[in-house]
2 protein chains.
Amino acid sequence: MTNAEDQPTAELTILQLLAGTVLDANQNITFQIFDILRDLIVSVRLRPGQRLSEKEIAAALCTSKTPVREAMIRLDEIKLVRIVPQSGTYVTKISVSRYRTACFIRLQLELGAVRGAALTPDPHQSIAVLDGILSQTAKAIAQEDDAAFCTLDDAFHRQLFIMAGFKDAWSTARRTQFDVNRVRHIRRMQRIITGPAQLADHQAIVDAIRAQDGARAEDALRAHIGDLDRQISALVRDDKMRGFIALEDSI
Amino acid sequence: MTNAEDQPTAELTILQLLAGTVLDANQNITFQIFDILRDLIVSVRLRPGQRLSEKEIAAALCTSKTPVREAMIRLDEIKLVRIVPQSGTYVTKISVSRYRTACFIRLQLELGAVRGAALTPDPHQSIAVLDGILSQTAKAIAQEDDAAFCTLDDAFHRQLFIMAGFKDAWSTARRTQFDVNRVRHIRRMQRIITGPAQLADHQAIVDAIRAQDGARAEDALRAHIGDLDRQISALVRDDKMRGFIALEDSI
DNA sequence: ATATTAGTTCTAGCATACAAGTATCCCAGT
DNA sequence: ACTGGGATACTTGTATGCTAGAACTAATAT
């Protein structure tokens with residue numbers, strides 16, 4: 001583990017982050033804890049590499065270790081934490097190899113989605129939905145509303161999968177994309193604005209789908225995703241990511 | 001739950017399946033149990049819909065409920081079992097919607113793989129590996145060696161991803177493919193032989209890669225996978241699958 | 001014969017206690 | 001100053017007991 005001083009921003013203790021959180025005793029405790037921790041990790045409020053203590057979390061949430069541990073097991077299973085026997089439980093670092101794999105998976109699935117969307121038999125209504133999302137996105141960018149932008153970005157991609165007839169494919173594959181989301185969150189925290197460029201890319205994709213031109217839609221998507229290897233080396237070189245990433249998926 | 005009498009074949013109790021299994025006390029008990037149960041479920045020796053008792057399994061393996069439960073939680077997380085509060089833990093039925101989604105994911109990722117494989121700069125050695133796998137596959141088919149056939153099929157697909165430079169993509173995505181594997185196992189148990197056809201398809205893919213013709217490789221792969229919707233309706237209609245499948249992913 | 005309801009028996013959820021391994025710190029020796 | 005080793009204080013892994021709720025059974029009322 002690196003020192004807190006080495007990190008770009010101050011490391012918040014889990015205790016600070018959970019302060020004031022109360023659980024609903026009538027709902028399943030394990031899943032409440034799971035949701036809380038997953039959100040904290042994906043939004044990088046819990047830092048990659050940070051150590052988590054089952055006991056400490058249990059105390060902060062006024063519960064016993066068992067549900068905390070069971071939530072940790074689920075988080076370990078989706079590789080958001082790594083439980084190291086007799087040592088501790090750590091928030092996983094962002095794995096470059098996992099990130100690269102996730103980008104490949106994302107690209108391939110979205111290629112299928114835009115291809116399918118371009119073949120939608122009666123596309124008018126579906127395309128109207130896409131147009132609506134894009135115009136709302138433009139508003140969100142103008143108002144610098146990050147949260148809305150993210151939601152709309154998500155809605156855009158989901159709509160493509162719906163049009164292709166594979167509504168569930170994206171929600172299934174999202175489980176492989178946590179590291180991509182963490183990188184995005186870090187970029188966004190550092191006010192790295194890519195909104196306008198993304199909007200233009202999305203517009204090009206919609207135009208191709210409107211023209212029912214699957215090949216052009218695929219090309220537009222490839223352009224949108226960009227060159228993976230260059231993106232990877234930029235990620236590895238990025239000083240702001242230092243301490244957050246690991247080449248392989250250790251810790 | 002349906003009656004055991006309704007099922008195509010006799011339902012083996014978990015106790016029968018675990019008879020004689022002893023765990024290594026020096027290794028992590030939870031993961032040993034996880035591996036055992038995962039294999040039993042994917043190979044359909046534990047039947048879709050079958051109820052599992054934490055207590056019973058713990059007794060059969062001479063351990064306590066805790067590691068069994070933790071293994072169950074991991075299995076629940078990858079949707080091989082479903083833990084129903086205060087009711088029981090059940091082997092999930094094969095979900096038609098999950099199966100369909102898995103086929104889409106599989107196709108899209110393999111499209112990327114064969115496309116990438118066709119672009120391998122110095123392909124001679126890699127293609128020699130593919131040729132070797134195919135000739136071994138032919139032997140396995142001649143000898144009706146199911147286990148070897150499966151292993152080689154897996155090796156073939158893995159080699160494609162290696163050639164495309166995305167070695168980990170397949171192992172990552174396999175977590176979405178359990179239902180596909182279960183369907184295969186059921187078909188194989190019923191001696192539904194598709195080996196020769198698969199071998200010919202694989203040969204066509206290799207030929208296209210050898211010619212560095214990415215488009216033709218994609219076409220060969222699409223032909224290999226076939227028409228998804230027809231496959232789905234065949235699956236739903238198949239009497240041998242009755243009781244094993246569910247339209248949505250309930251239970 | 002059927003519907004309903006009370007009672008019993010099962011389940012998973014959670015709390016707690018203990019066991020076993022790991023990392024750290026302190027101190028002795030070089 | 002630095003290295004080596006051992007005690008100590010942590011960590012997760014496992015065992016067990018208890019509770020609340022679901023499901024099944026069987027008896028009762030209609």
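First the proteins, then the strands, lettered A, B, ... as listed; each starts at 1. When reading the values below, keep in mind they use all heavy atoms of this one structure, side chains included, and skip hydrogens, waters and symmetry mates.
- B/Phe156 meets the ring pair (Phe, Tyr, Trp, His ring centres under 6.0 Å) test with B/His202; sequence neighbours excluded.
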Run the side-chain donor-acceptor check on residues 105-113 of chain A: report pairs under 3.5 Å with partners two or more places apart or on a different chain.
from	atom 1	to	atom 2	distance (Å)
A/Gln108	NE2	B/Gln108	O	2.8
A/Glu110	OE1	A/His157	ND1	3.2
A/Glu110	OE2	A/His157	ND1	2.8

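- Toward the 5' end of DNA chain C, the nearer of the two residues B/Glu56 and B/Asn26, judged by each one's closest nucleotide, is B/Glu56.
- Between the CE atom of A/Met72 and the P atom of D/dT12 there is a distance of 7 Å, rounded to whole Å.
- In this structure, B/Arg182 is not positioned above the aromatic face of B/Phe244 in the sense of NZ or CZ being under 6.0 Å from the six-membered ring centre and within 45° of the axis.
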Distances for protein N or O near nucleotides 12-15 of chain C N or O, under 3.5 Å:
from	atom 1	to	atom 2	distance (Å)
C/dA12	OP1	B/Thr89	N	3.1
C/dA12	OP1	B/Thr89	OG1	2.9
C/dA12	O4'	B/Gln86	N	3.3
C/dA12	N3	B/Gln86	NE2	3.4
C/dG13	OP2	B/Arg69	NH1	2.4
C/dG13	OP2	B/Arg69	NH2	2.1
C/dG13	O6	B/Lys65	NZ	3.3
C/dC14	OP1	A/Ile29	N	2.8
C/dC14	OP2	A/Thr30	OG1	3.1
C/dA15	OP2	A/Thr63	OG1	2.8
C/dA15	OP2	A/Ser64	N	3.0
C/dA15	OP2	A/Ser64	OG	2.6
C/dA15	O5'	A/Ser64	OG	3.3
C/dA15	N7	A/Thr66	OG1	2.9

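- At whole-Å resolution of the value, CG in B/Leu23 and C1' in D/dG13 are 14 Å apart.
- Looking at residues two or more places apart in sequence or on another chain, you find a side chain to side chain donor-acceptor pair (under 3.5 Å) between A/Gln198 and A/Thr194.
- Residues that satisfy the side chain to side chain donor-acceptor pair (under 3.5 Å) test with A/Ser43, not counting sequence neighbours, are A/Arg45.
- Among pairs with a residue in residues 60-75 of chain A, those fulfilling salt bridge (charged side-chain N to carboxylate O under 4.0 Å, His left out) read A/Glu54-A/Arg69, A/Arg69-B/Glu70, A/Glu70-B/Arg69, A/Arg74-B/Asp76, A/Arg74-B/Glu77, at least two apart in sequence or across chains.
- What separates CD1 of A/Ile57 from C1' of D/dT11 is a distance of 13 Å, to the nearest Å.
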